[in-house]
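So the structure is just underneath, and the comments pick up after that.
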Amino acid sequence: MSKISFSKFITTGLLLLFLVGCINLKNVNGYSTHSLAILKNFEQVDYTFSRSCENRCAIDQLEKQELFRKDCDCKANNDADSVTLILYNAINGYFDGLTKLSANELTSYKFNTANLVAGKYGDITINKEHIASYTKISTILLRAFTDGYRKKKIATYVGDANEPIQTLINAFGFTLEANLSKKLEVEKQRYQSYYFDLLKDANTSAYEKKKIIDDYNFMLEKNKDKKNQLVIFGKGLRKIAAGHQSLYEGRNKLSAKELTVLLTESSNELKDISTAFNKLKKNN
Amino acid sequence: MASLPANQLSALGDYFLLFAQSVGNYRYVNSGKLTATQNQIIKEAHRKLLDYADSFYTASAIVIVNDVEGLLDTINTITKQINNTYQFLTKIQKALDVAAAGIALAEALFSKNPLAVADAVGGLAKVWKGAATKEAT
């Protein structure tokens, strides 16, 4: 490599470095990583449509005082769980891909020049400084190319995905908050009716009444915890959707300070929600 | 029932849940005045109303898939594209390893050192094999 071409090589490298040096995929990665962590909490939610169906059958069994439970038809509830899982998998898959694609480690390429030795090779002279510079610039150039490529791709994907992902997150949240969470309310009323009759039975002793009240309070507490899980999860989903909207609106200026601030805020809020959810899990 | 959209089915669930709550509360407040038969009739009505609310919530969670069917396909396609880009980028490191090993071989050939050539050929073969194995997995 002649001196001129080597200088050109370095100049090109620095120019490319300047052009893409301001790109910050870290914000995108931080946001998508936290979003993914929030989404994963869904797998920890201690309540499903099928579970609500099984609980209904268990309450019926108690009401009828039957030792053996009759057939419990939960097909519709199983279908509801399947639909919910389809929504979850689609949203989770998207954020998983976004997290992997925006990860810095992905393009930490290294050009292995350990075997490149200084010396004269025909008309080309390679000295030690050349080797060191070549290694450094190669890495920078590769990074510059691939980071620029990733930024462009991510901007396209975020642009295409915003509308469907907003609607899917909304539908997922609606299913959990407007339907599954309300089933907990239905279940609460079923228990209330059952325990009310137990307590009002003229043959119930004072001690038995205390036990009934304790049992009822315990059921209420469990019901409330499950509801809280769904409330916190729903809050997390809304933050994820808001974060994606910010990302969408600033997708062509990923280095802009405002976007950095917005995504950092989103990430912090998502982190808080994750902590709240984990606390709730520990209490159970 | 299934022809209604998810939000309307859920709203019907809310309506029956509220209705059930009123019937249940009536029974709890007036239990002393009700005969055993009346109590049983109201209790059964309460249970049935709760069953309806339950069914509307379940139906709403099922039909929501109709509202988002096309969007599910779109997002799944985008996710596939993202993963393809990711796969493409992970392959670059393998290509770089092979290229660097190739340069080492070229240098060795240039230096006309038989031992260095043998080492470099072995190095290239090793890197190539590693890349091919990773590819297969």
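Note that these values count all heavy atoms, side chains included, but never hydrogens, waters or copies made by symmetry. Treat the numbers as computed from the prediction; the structure is a model and nothing was measured. Every chain is numbered from 1 and lettered A, B, ... according to where its sequence line falls, protein lines coming before strand lines.
- No more than 12 heavy-atom neighbours from other residues, nucleotides or ligands sit within 6.0 angstrom of OH on B:Tyr52.
- For A:Lys188, the NZ atom sits in a loose shell: 12 or fewer heavy atoms of surrounding residues, nucleotides or ligands are nearer than 6.0 Å.
- Atom CG of A:Asn77 sits about 6.5 Å away from atom CG of B:Asp54, to the nearest 0.5 Å.
- Within the model, atoms CG of A:Leu101 and CD1 of B:Ile82 stand 6.5 Å from one another, a figure rounded to the nearest 0.5 Å.
- Residue B:Ala11 does not touch chain A at all, counting heavy-atom pairs closer than 4.5 Å.
- Residues A:Val186 and B:Leu50 come closest through the heavy atom pair CG1-O, 3.7 Å.
- In this structure, A:Lys100 is positioned above the aromatic face of B:Tyr86, its NZ or CZ under 6.0 Å from the six-membered ring centre and within 45° of the axis.
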Would A:Asp197 and B:Asn39 count as a side chain to side chain contact (heavy atoms under 4.5 Å, CB included) if you check the C-alpha gap in whole Å, the side-chain angles of each, and the deciding distance to 0.1 Å? CA-CA 10 Å; A:Asp197 287 340; B:Asn39 184 60; 4.1 Å; yes
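- Your options are A:Leu168, A:Leu87, A:Leu176, A:Asp79, and the one with the most heavy-atom pairs under 4.5 Å with chain B is A:Leu168.
- B:Arg27 and A:Ser193 are linked by a side-chain donor-acceptor pair at a separation below 3.5 angstrom, with hydrogens and angles left out of the test.
- Summarising the local packing, CD of B:Gln8 is surrounded by more than 12 heavy atoms from other residues, nucleotides or ligands at distances under 6.0 Å.
- Interface remark: A:Lys153 contributes side-chain atoms only to the contact with chain B (heavy atom separation under 4.5 Å).
- In terms of non-hydrogen atom pairs under 4.5 Å with chain B, the most contact-rich of A:Cys53, A:Ala80, A:Pro164 is A:Pro164.
- Separation of atoms NZ (A:Lys183) and CG (B:Leu17) is listed at 11.5 Å; rounding is to 0.5 Å.
- The distance from atom OG of B:Ser31 to atom NZ of A:Lys200, rounded to the nearest 0.5 Å, is 5.0 Å.
- B:Lys43 and A:Glu63 are joined by a salt bridge, as a carboxylate oxygen and a charged side-chain nitrogen come within less than 4.0 angstrom of each other.
- Contact check for A:Ile59 versus B:Arg47: no side-chain heavy atoms found under the 4.5 Å cut-off.
- Counting all heavy atoms, side chain and backbone alike, A:Tyr94 lies closest to B:Thr79 at CA-OG1, 3.4 Å.
- Counting non-hydrogen atoms of other residues, nucleotides and ligands closer than 6.0 Å to OH of B:Tyr28 gives a total above 12.
- Here the shortest heavy-atom pairing between B:Ile64 and A:Ala171 reads CD1-O, 3.5 Å.
- A donor-acceptor contact under 3.5 angstrom links the side chains of A:Tyr157 and B:Thr85, judged on distance only.
- The two atoms that bring A:Ala76 and B:Ile62 nearest to each other are O-CD1, 3.3 Å, heavy atoms only.
- A pairwise comparison of heavy atoms in B:Ser60 and A:Phe174 identifies OG-CE2, 3.6 Å as the closest pair.
- Heavy-atom distances place the side chain of A:Phe196, and not its backbone, under 4.5 Å from chain B.
- Interface remark: B:Asn7 contributes backbone and side-chain atoms alike to the contact with chain A (heavy atom separation under 4.5 Å).
- Atom CG in B:Leu71 sits 5.0 Å away from atom OG1 in A:Thr167 (nearest 0.5 Å).
- Across all their heavy atoms, A:Ala90 and B:Leu72 have their closest contact at CB-CD2, 3.5 Å.
- Proximity to chain B is limited to the side chain of A:Asp60, based on heavy atoms less than 4.5 angstrom apart.
- Looking at B:Thr74, the atoms closer than 4.5 Å to chain A (heavy atoms on both sides) all sit in the side chain, from C-beta outward.
- Within 6.0 Å of OH on A:Tyr88 lie more than 12 heavy atoms contributed by other residues, nucleotides or ligands.
- Distance check: B:Ile75 CD1 to A:Gln166 CD gives 9.5 Å after rounding to the nearest 0.5 Å.
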Can B:His46 and A:Arg190 be said to form a side chain to side chain contact (heavy atoms under 4.5 Å, CB included), step by step? CA-CA 9 Å; B:His46 182 220; A:Arg190 289 188 198 278; over 6 Å; no
